[in-house]
Amino acid sequence: MITDSCPSCTTRGIAPAETRTRGDRAVDGYECPNCRHAWATVRDLTAYSELHARRAQRRTRRSAA
Ligand SMILES: [Zn+2]
């Protein structure tokens with residue numbers, strides 16, 4: 001979980017209310033508990049792509065065997 005700072009009132013350490021994954025990107029939706037400002041940040045998940053690829057390979061091998 002990655003916390004963010006409110007772009008409106010600069011409250012720090014706000015946890016995402018929801019996280020959605022779109023392909024190789026994750027969209028974290030935030031709502032500031034202080035001023036109720038809502039925003040979203042997009043994170044690139046390509047740093048994890050190697051891990052996903054390894055898991056996919058393992059699954060493919062198992063189903064093939
Ligand atoms: Zn705020």
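Here the structure is a predicted model, which means the values were calculated and not measured. Just so it is clear, the values below take in all heavy atoms, side chains as well, and ignore hydrogens, waters and symmetry mates. Each residue takes its place number in the sequence, starting with 1. Each ligand, and each atom within it, is numbered from 1 in the order the structure gives.
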**Q** Among side-chain atoms of T19 and D28, is any donor-acceptor pair under 3.5 angstrom?
**A** yes

**Q** What are the two closest non-hydrogen atoms of Y30 and T3, and how far apart are they?
**A**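 Nearest heavy atoms, Y30 then T3: OH-C, 4.2 Å.
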
**Q** Taking salt bridge (Lys or Arg N to Asp or Glu O under 4.0 Å) as the cut-off, I'd like each qualifying pair that reaches into residues 30-39, sequence neighbours left out, listed once.
**A**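 Salt bridge (Lys or Arg N to Asp or Glu O under 4.0 Å) check on residues 30-39 returns E31-R36.
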
**Q** Have a look around the Zn ion (ligand 1) and list protein N/O/S atoms under 2.8 Å, or say none.
**A** C6 SG, C9 SG, C32 SG, C35 SG

**Q** Which pair of non-hydrogen atoms, one from V42 and one from V27, has the smallest distance, and what is that distance?
**A**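 So the two residues come closest at CG2-CG2, 4.1 Å.
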
**Q** Within a strict 4.5 Å, meaning less than it, do heavy atoms of the T11 and C32 side chains meet?
**A** yes

**Q** So, do I14 and P33 sit near enough that their side-chain heavy atoms are less than 4.5 Å apart?
**A** yes

